[in-house]
Every structure is written in C-alpha cells, then in structure tokens.
Amino acid sequence: MNRFTWLFAIVYFAFVVNIGVTQAAMPKPMENTYIHDFANVLSTPVEDELNHYSEQLDNGTGAEIMVVTLDSLNGQNAKMFATKMIREWGIGDKEKNNGVLILATFGQGEGNNDVVISVGQGLEGALPDGKLGRILDSAFYPYASTGEIGKAFQTTYAEVFQTVAQEYNWDGDKPEQQDADESMPTWVFILLIIIVLIVITFSSNGGGGGPRSRGRRGYPGSFGGGFGSGGSRGGGFGGFGGGSSAGGGASRKF
C-alpha cells in the first residue's frame, strides 16, 4: 500500500509539473494591441503599422489578425499551440470565429524555428490550409531566410489581410502591395529564368508540345508609408471577442 501511494504521488507530481510547464509557455496577451512581440524581433514602426491595419480591419469587419512572436514553444507542436492560443485568447468574434493568428518562434536556431498561420473556423473557406502554406512559402520564408524578419511579417500579413478584407467585401484602409519587380524573391526570379530556358530548348528542338507558361500571380508586398510615431496603436481596440478555431492552418520551419 505504501509503495502504491508513493507511485501515485510521483505520477501525480509529474503530471502537475508537466501541466505547469505547458501553461507557462502560453503567455497572456498584452493590452490594447494586436501585435505581441514577446521575442523582441520587430521594430516599433513595423509593430505600429501592423497594429494600425488590424485595428482598422477589426473595426470594419469584426475579424482580428494577431501577430505573436515567442522565443520557444518548449517542444510543443507549433500548429497545435497556435490553435490553443486562438482558443485561450479568444481571437476573433465569438459568433463568427473569424480570428487569424500569425505566430513565429526565434529561439530554436536557424532551420528549427517555427512559423504558423492559424485561422478560426469562420475563415477556413477563405484561408484554407493549402493557401496558407503557399503564403508562408512565398511571403514569409524568402525574407526570414535572409534575416529580414520585419519584411517577412509585413508581406505575410499583407497577403492574409487582403484575403480577409475581400471575404467581407471591406473597402477600408488596406496595405499597399509592392511592384512585382520589387517584391519578387531572388529564388523565384532564378526559377523563372530556368523555366524560360527549358521552354526555349524544347521549342528549338521541335518540341512544340513543351510546357506552357502560366500567368504568375503577383507576389506580396510591404505596406506603403505606414504611419508616424503618433499612430493609433490600440486606439480603438475593443479586447478579444472570444473566437475559437477548429484547427485550420499551416506551419513551416525556417
């Protein structure tokens, strides 16, 4: 009996400690802001700019786009953690479940850091997992891989923002996209050159049935101008609406 009691006590203690570690990894949201840079990787102008657009979108549609940076997830799965954060923070409208969370970690080292976009069930139609994966591949990774973290968040945010605004037919203050030449990552430019050379080679060899070039979609850009030091950071923030998530989203390592 004593042996059983000790065994139960040890298992219970380990369970409690494990819960404590998991809960410790979930920070509390800051007040009056949509941008939670716990890892301190974003400049104040970038924070203010993203916060400004989230505030406008929230006021106009009720949809909330949150950006969160952390040092580490303590070994937890990034996508599951992001889904849990949307639920615990109540991101988005309680009835519409239209929250979006862009979450990234920066303490695991190059190639092991996580970035994930998680969405509430109300936006899964507009932002399906496949589309979110393409956004991370084309908007976040090219800049994050070269250390341009602010740019990575700006371009990723712009893509998400435009989609949510279009879903609600909202015509308010929107981020501007760059010209295609300015926003195209170097690796995409090289890939296009290779494709063109392949097409030319097939054509010169009589291969009229070679690959046909498809129209390239415009790549995401950063925001035009931003706003000054007196920006409306959290000026109209009404708190978290209480939205939830069914687990929709996409994640990558960088």
Working to the nearest 0.5 angstrom, can you tell me the gap between Glu55 CD and Leu57 CG? 11.0 Å

Does Phe81 offer a backbone N or O that forms a donor-acceptor pair with the side chain of Gln76 under 3.5 Å? no

Which distance, rounded to the nearest 0.5 Å, do you find between the NZ of Lys131 and the CD1 of Ile117? 10.5 Å

Find out whether Asp71 and Phe38 are in side-chain contact, i.e. whether some heavy atom of one side chain is under 4.5 Å from a heavy atom of the other. no

Can you say whether the rings of Tyr157 and Tyr53 are parallel (under 30°), tilted (30 to 60°) or perpendicular (over 60°)? tilted

Nearest 0.5 Å please: distance from the CG atom of Leu127 over to the CG atom of Asn98. 11.0 Å

Over 60° means perpendicular and under 30° means parallel, so tell me whether Phe106 and Phe153 are parallel, tilted or perpendicular. tilted

So, the side chain of Asn113 versus the backbone of Gly107: is there a donor-acceptor pair under 3.5 Å, distance only? yes

For the hydrophobic clusters of this structure (ILVMFWY residues joined by side-chain heavy atoms under 4.5 Å, transitively), does one cluster hold both Val41 and Ile35? yes

Interatomic spacing from CG in Asn51 to OG1 in Thr44 - rounded to 0.5 Å: 11.5 Å

On a heavy-atom basis, the closest approach of Gly99 and Leu123 is O-CD1, 4.3 Å

Verify the cluster assignment for Met80 and Leu73: are they in a single hydrophobic cluster under the rule of side-chain heavy atoms below 4.5 Å apart? no

Show the nearest heavy-atom pair for residues Gly133 and Ala250, with the distance to one decimal. N-CB, 3.6 Å

Checking Ala126 now: which residues fulfil side-chain contact (heavy atoms from CB on, under 4.5 Å) with it, not counting sequence neighbours? Thr163, Glu167

Separation between CD of Glu49 and CD of Gln154, rounded to the nearest 0.5 Å: 5.0 Å

How close do Ala152 and Ala144 get, counting heavy atoms only, and between which atoms? CB-N, 3.8 Å

Applying salt bridge (Lys or Arg N to Asp or Glu O under 4.0 Å), which residue pairs with at least one partner in residues 110-120 are found, sequence neighbours left out? Asp114-Lys253

Closest non-hydrogen atoms of Ala139 and Glu159, given as atom of the first, atom of the second and distance, are CB-CG, 4.4 Å

With a 4.5 Å heavy-atom cut-off, do Leu70 and Pro27 have their side chains touching? yes

Verdict with reasoning, Asn97 to Ile86, per side chain to side chain contact (heavy atoms under 4.5 Å, CB included): CA-CA 10 Å; Asn97 289 324; Ile86 281 188; over 6 Å; no

Between atom CD1 of Ile65 and atom OG1 of Thr156, what is the distance when rounded to the nearest 0.5 Å? 11.5 Å

Does atom CD of Gln166 have more than 12 heavy-atom neighbours, drawn from other residues, nucleotides or ligands, at distances under 6.0 Å? no

Hey, does Trp170 have a side-chain heavy atom less than 4.5 Å from the side chain of Gln56? yes

For Asp129 and Lys79, what are the C-alpha separation, side-chain angles and deciding distance, and is it a side chain to side chain contact (heavy atoms under 4.5 Å, CB included)? CA-CA 11 Å; Asp129 296 356; Lys79 193 173 177 181; 3.8 Å; yes

Test side chain to side chain contact (heavy atoms under 4.5 Å, CB included) on Trp89 and Glu64; report intermediate values, then the result. CA-CA 12 Å; Trp89 283 21; Glu64 294 180 347; over 6 Å; no

Ile91 vs Tyr34 side-chain heavy atoms within contact, under 4.5 Å: no

Are the side chains of Ser72 and Gln108 in contact, using a 4.5 Å heavy-atom criterion? yes

Using side-chain heavy atoms (C-beta onward) and a distance below 4.5 Å, is Tyr168 in contact with Lys96? yes

Which residues share a side-chain hydrogen bond (donor to acceptor under 3.5 Å, both in side chains) with Thr69, sequence neighbours left out: Asp37

